[in-house]
Protein chains: 2
Amino acid sequence: MAATCVTGKHDQHDVYAAQCPCRAMLDLLANKWSALAIGAMERGPQRFGELRRVLQGVSPKVLTQTLRRLEEVGLVERTVIPAVPLHVEYELTELGRGAARPLRSLREWVEDNIDALEG
Amino acid sequence: MAATCVTGKHDQHDVYAAQCPCRAMLDLLANKWSALAIGAMERGPQRFGELRRVLQGVSPKVLTQTLRRLEEVGLVERTVIPAVPLHVEYELTELGRGAARPLRSLREWVEDNIDALEG
DNA sequence: CCGAATCCCATCGGATACTG
DNA sequence: CAGTATCCGATGGGATTCGG
């Protein structure tokens, strides 16, 4: 069971509390590009260009922003491989692989239920 | 297992495909207010003001937008109860309760792992 | 009073071009 | 190849106002 500000032991761990860091974290994960990027990296390390190709329609700026934010909170590790041409790999951390599970469930639910949805 | 454009039987059911309706649906669900609103409605029908209080920091305009979009795709049912003062109840549909599960997993993961995350 | 439409502004996302 | 810079349209929040 998740702790909440109201009922749990962690008074500041409630995604519904505006000032709780959980909310900022949920904002980061509950974001279309984050959900797709993390899913893409479940297969293993991915290069910037690979991610850009998989995440159809993402602009380089937004992909960079997304990956940098995921890196900042420790969900993704960025590795620069000095070579010509330059290689940069993005990989899920242990924590990132944990976050990937509920996100995969969400993506799969959408794919499995899209026919039942209107719009 | 979820079907994908590339590997599955449903050629148009891939959240990674830019033109797939799945992507639009994921964009709707992978949104900070949608995830919180759907979670709030898991307890049962909620009035507009209740939702506004639970989703700390949401403006009435954005809450209306969010609920309307969820209603359009059939995840939420909106019921106007003619009374003074006016009652408007929002309730998850069967489909909405299905979508609620992975979203709850995501919220719980965040609450359970926030201490391990940086930022 | 509650729900929601309107106006205005700040911020963000997206397309494109360009650089290390 | 992997980003950064720049511009622009879309989106989101706040305050206010309207309607029931």
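Note that the structure is a prediction, hence the values are computed from the model and not measured. So that the names make sense, note that chain A is the first sequence line, chain B the second, and so on, each numbered from 1.
As rounded to whole Å, 14 Å separates atom C1' of C:dG14 from atom CG of A:Leu55. Remark: C1' of D:dG3 and CG of A:Leu51 are 13 Å apart, rounded to the nearest angstrom. The distance from atom CG of B:Leu86 to atom C1' of D:dG19 is 10 Å, rounded to the nearest whole Å. What separates CZ of B:Arg52 from C1' of C:dG3 is a distance of 9 Å, to the nearest Å. For the pair A:Phe48 CZ and C:dG20 P, the computed distance is 17 Å after rounding to whole Å. Counting to the nearest Å, the P atom of C:dG3 and the NE2 atom of B:His87 are 8 Å from each other. What separates NZ of A:Lys61 from P of C:dT16 is a distance of 14 Å, to the nearest Å. Following rounding to the nearest Å, B:Gln46 (CD) and C:dG3 (C1') show an atom-to-atom distance of 16 Å.
Nearest nucleotide to the side chain of B:Arg78, out of C:dA4, C:dT16, D:dG13: C:dA4. Checking D:dG12, C:dA17, C:dG14 against the side-chain heavy atoms of B:Val62 singles out D:dG12 as nearest. Side-chain proximity of B:Tyr90 to the nucleotides D:dG14, C:dA4, D:dC1 is greatest for C:dA4. With distances taken from any side-chain atom of A:Asn31 to the nucleotides D:dT4, C:dA4, C:dG13, the minimum falls on C:dG13.
When the side-chain nitrogen and oxygen atoms of A:Gln65 are compared with OP1 and OP2 of C:dG13, one or more of them lie within a distance under 4.0 Å. A close approach under 4.0 Å does not occur between any side-chain nitrogen or oxygen of B:Trp33 and OP1 or OP2 of D:dG12. Dashed line: the shortest gap from a side-chain N or O of A:Arg47 to OP1 or OP2 of D:dC1 is not under 4.0 Å.
No side-chain heavy atom of A:Asp27 sits under 4.5 Å from any side-chain heavy atom of A:Arg69. In this structure the side chain of A:Ile38 never reaches within 4.5 angstrom of the side chain of A:Arg107, judged on heavy atoms.
Sequence order on DNA chain D of the closest nucleotides to B:Leu63 and B:Pro60 puts B:Leu63 first from the 5' end.
Cluster annotation: B:Val84 is not connected to B:Phe48 through the hydrophobic network of ILVMFWY side chains, with a link wherever side-chain heavy atoms come within less than 4.5 Å. Linking ILVMFWY side-chain heavy atoms closer than 4.5 Å, directly or via other members, places B:Val80 and B:Leu63 in a single hydrophobic cluster.
One finds a salt bridge joining B:Glu94 and B:Arg97 here, because a Lys/Arg side-chain nitrogen approaches an Asp/Glu carboxylate oxygen to under 4.0 Å.
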